[in-house]
Amino acid sequence: MKELTKRKKIIGTIETVLAAAVIIIAVVTAPKLSAQKEEKTSAAASETAAATQAVTKTEQEKTEPTTSSVGIGVQPIGEYSLNGYIVVTGDAAMEMYSIASTKLKEYAASANNLASKIPSSKVYVMLAPTRMEFYGPEEYRTGSHSQQMGISTAYLALNPEVTGVDAYSEIARHTDEYEYFRTDHHWTARGAYYAYKAFCESAGLTCTPLDSFQSGKLDDFVGSMYRYTQSENLKKNPDYVEYFLPRYDVSAESFSTADMTDGKPLRVISTNITDESSKYLAFIQGDKPLIKMVSSCGSGKKVLLIKESYGNALAPFLLDTFSEVYVLDPRQESIQSMNIPSFVENNGIDTVLFCNYTMVPSNSKYMNALNAMIGA
């Protein structure tokens, strides 16, 4: 039995290394795929595995293994239990993920569509892996549950003018740090920073070292995973919310519509939240329809961040690079009449960044709203 377990671990390690090669190729080349018939999740996994086998030796040598040591890549876990679609491992809980190949390609098609309508602006896509990918049981992060393969599927469907940001590899290099909450489904500000770093590298922008930011934290945060599971282990082992303050003078307003006539002052970072379940609101005060933030960084660059709540922790870092940061949440009904291409053109926005966690392409409500705002 021990020998069998050892062989399974070795096989799992090899699969992970090979899958890592696929996503790096996808990010670098992002070729346009030919139209294909819709396939089942298991077929998607087989398709990706075949692509993995086609990786050349040279490309494999360039791929950093994500399971080479404790602290890098996948982390060891102990016993776990299931609570619906939530996996509970000791003092942590996380959502299950399954590859939905057709939905991932449709997500890529949305980014392609927007890029075709705003040729003067550069479009980037960043799909963020969740805690499950690095801290979950092997059977829920490999094969048809591999977020790395899911991200690769989306990135391979991007047109050449759209860049897929490899946040995955940067996050994988720092899994011995506090990148994900245990009691909540979001990444932390530290995890978001490493995604921001990957974006800067993709866009040819300078990334400020993390220790250059003034930081602080809010203790005793118990988030969404506790609310779903009511696990006493999660309740007894709360998270903390680490935050990093902008280095420049900044101002921000939130709006309910695209004409931006009803602005309300907004705090980019809130440092005095006391409710234990609300401390992720430290980042841009949570989910607003539309936000405009202005930075004295002096770059003259403007970015539109299209996001759900994962983007909240990322948004403050963009103020270190862009003079104007617009943040759009397509889920909010008051903003759904916006035409995104017109908004980009009218506001002189030169960069658009999609930042979504890997569950979003399968969220029909989000995707329907997004596609309506992009236009046919």
Take Ser254 and Lys264 through the side-chain contact (heavy atoms from CB on, under 4.5 Å) test and state the conclusion after the steps. CA-CA 5 Å; Ser254 64; Lys264 297 179 180 178; 3.9 Å; yes
Between Phe317 and Phe199, does the ring-ring contact (aromatic ring centres under 6.0 Å, His included) criterion hold? Intermediate values first, please. CA-CA 11 Å; Phe317 291 115; Phe199 165 64; over 10 Å; no
Pair Glu242-Arg190, salt bridge (Lys or Arg N to Asp or Glu O under 4.0 Å): steps then yes or no: CA-CA 7 Å; Glu242 186 177 29; Arg190 186 172 290 265; 2.8 Å; yes
How far apart are the C-alpha atoms of His185 and Ser309, what are their side-chain angles, what is the distance that settles it, and do they pass the side-chain contact (heavy atoms from CB on, under 4.5 Å) test? CA-CA 10 Å; His185 70 286; Ser309 56; 4.2 Å; yes
Show, in sequence, the C-alpha distance, side-chain angles and deciding distance for Arg331 and Asp287, and conclude whether the salt bridge (Lys or Arg N to Asp or Glu O under 4.0 Å) test is met. CA-CA 9 Å; Arg331 299 172 300 173; Asp287 298 321; 3.0 Å; yes
Stepwise, does the side-chain contact (heavy atoms from CB on, under 4.5 Å) test hold for Met293 with Val327? CA-CA 8 Å; Met293 302 188 290; Val327 184; 4.0 Å; yes
Going through the checks in order, is the side-chain contact (heavy atoms from CB on, under 4.5 Å) test met by Lys302 and Asn347? CA-CA 9 Å; Lys302 300 181 182 182; Asn347 290 281; 5.5 Å; no
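The shortest non-hydrogen separation linking Thr261 to Phe255 is N-CD2, 4.2 Å. Here the closest non-hydrogen pair linking Leu281 and Gly286 is CD2-CA, 3.5 Å. The heavy-atom pair separating Ala167 from Ala198 by the smallest distance is CA-CB, 3.8 Å. Between Asn113 and Gly375, the closest heavy-atom pair is ND2-O, 2.7 Å.
The local environment of NZ in Lys288 is crowded, with over 12 non-hydrogen atoms from other residues, nucleotides or ligands closer than 6.0 Å. The environment of Glu161 atom CD is dense: over 12 non-hydrogen atoms of other residues, nucleotides or ligands sit within 6.0 angstrom. Around atom NZ of Lys301, no more than 12 heavy atoms belonging to other residues, nucleotides or ligands sit under 6.0 Å away. Residue-environment remark: CG (Asp275) exceeds the threshold of 12 foreign heavy atoms within 6.0 Å. By the 6.0 Å contact criterion, CD on Glu139 is enclosed, its count of non-hydrogen atoms from other residues, nucleotides or ligands being greater than 12. Within a 6.0 Å sphere centred on CD of Glu333, heavy atoms belonging to other residues, nucleotides or ligands number 12 at most.
Aromatic ring centroids of Phe354 and Tyr124 lie 6.0 Å or more apart. For Phe244 and Tyr193, the ring centers are positioned 6.0 Å apart or more. Residues Tyr326 and Phe343 bring their aromatic ring centres within 6.0 Å. The aromatic ring centres of Tyr97 and Tyr140 sit 6.0 Å or more apart.
Residue pairs satisfying the ring-ring contact (aromatic ring centres under 6.0 Å, His included) criterion with at least one member in residues 281-313, sequence neighbours excluded, are listed as follows: His186-Tyr310, Trp187-Tyr310, Tyr280-Phe283, Tyr310-Tyr357.
A donor-acceptor contact shorter than 3.5 Å links the side chain of Thr188 to the backbone of Gly191. With hydrogens and angles disregarded, a donor-acceptor distance shorter than 3.5 Å links the side chain of Ser295 to the backbone of Leu319. Between the Asn356 side chain and the Lys307 main chain, no donor and acceptor come within less than 3.5 Å of each other. Counting only distance, with no hydrogens or angles, the side chain of Tyr180 and the backbone of Phe134 share no donor-acceptor pair below 3.5 Å. Looking only at distances, no side-chain donor or acceptor of Asn112 sits under 3.5 Å from a matching main-chain atom of Leu158. Looking only at distances, no side-chain donor or acceptor of Tyr80 sits under 3.5 Å from a matching main-chain atom of Gly136. Between the side chain of Glu324 and the main chain of Lys292, no donor-acceptor pair closer than 3.5 Å is present. Judged by distance alone, with hydrogens and angles left aside, the side-chain atoms of Tyr226 form no donor-acceptor pair with the main-chain N or O of Arg182 at under 3.5 Å. Of the possible donor and acceptor atoms, none in the side chain of Thr351 sits under 3.5 Å from a partner among the backbone N and O of Val303. A donor-acceptor pair is defined here as one N or O able to donate and one able to accept, closer than 3.5 Å; such a pair exists between the side chain of Ser121 and the backbone of Ile349.
Side chains of Leu304 and Val344 form a contact here, defined as non-hydrogen atoms less than 4.5 Å apart. Proximity of Cys207 to Glu201: side-chain heavy atoms (C-beta onward) are nowhere separated by under 4.5 Å. Here the side chains of Ser251 and Leu266 are not in contact, with every heavy-atom distance at 4.5 Å or above. Proximity of Pro341 to Asn339: side-chain heavy atoms (C-beta onward) are separated by under 4.5 Å at one or more points. Within the 4.5 Å cutoff, no side-chain heavy atoms of Thr206 are placed close to those of Thr321. Within the 4.5 Å cutoff, the side chain of Lys217 has heavy atoms near those of the Asp219 side chain. Side-chain contact check for Met260 versus Leu290: some heavy-atom pair is nearer than 4.5 Å. Glu177 places a side-chain heavy atom less than 4.5 Å from the side chain of Tyr194.
For Thr183 and Asp239, the side-chain atoms include at least one donor-acceptor pair closer than 3.5 Å. Between the side chains of Gln147 and Thr130, at least one donor-acceptor pair of N or O atoms lies under 3.5 Å. Side-chain N/O atoms of Glu133 and Tyr168 include a donor and acceptor closer than 3.5 Å. With 3.5 Å as the limit, one finds a donor-acceptor pair spanning the side chains of Thr163 and Lys122. For the residue pair Ser270 / Arg267, a side-chain donor-acceptor distance below 3.5 Å is found, with atom types taken as modelled. Side-chain contact check for Asp320 and Thr208: at least one donor-acceptor pair (N or O, by modelled atom type) lies under 3.5 Å.
Taking CD1 of Ile273 as the start and OG of Ser278 as the end, the distance is 7.0 Å to the nearest 0.5 Å. We find the NZ-CG distance between Lys235 and Asn233 to be 13.0 Å, quoted to the nearest 0.5 Å. Rounded to the nearest 0.5 angstrom, Ile306 CD1 and Met126 CE are separated by 13.0 Å. Taking NE2 of His174 as the start and CG of Leu210 as the end, the distance is 9.5 Å to the nearest 0.5 Å. Separating the CG atom in Asn368 from the CG atom in Asn363 is a distance of 9.0 Å, to the nearest 0.5 Å. Atoms CD1 and CD1, on Ile151 and Ile99 in that order, are 10.0 Å from each other to the nearest 0.5 Å.
Contact check on Glu170 versus Lys197 returns a salt bridge, with a Lys/Arg side-chain nitrogen under 4.0 Å from an Asp/Glu carboxylate oxygen.
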Identify each donor-acceptor pair in which a side-chain atom of residues 86-94 lies under 3.5 Å from a protein atom, sequence neighbours left out, and give them as a table.
none

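In this view, Pro289 and Gln332, Ser334, Ile335 satisfy the side chain to side chain contact (heavy atoms under 4.5 Å, CB included) rule, not counting sequence neighbours.
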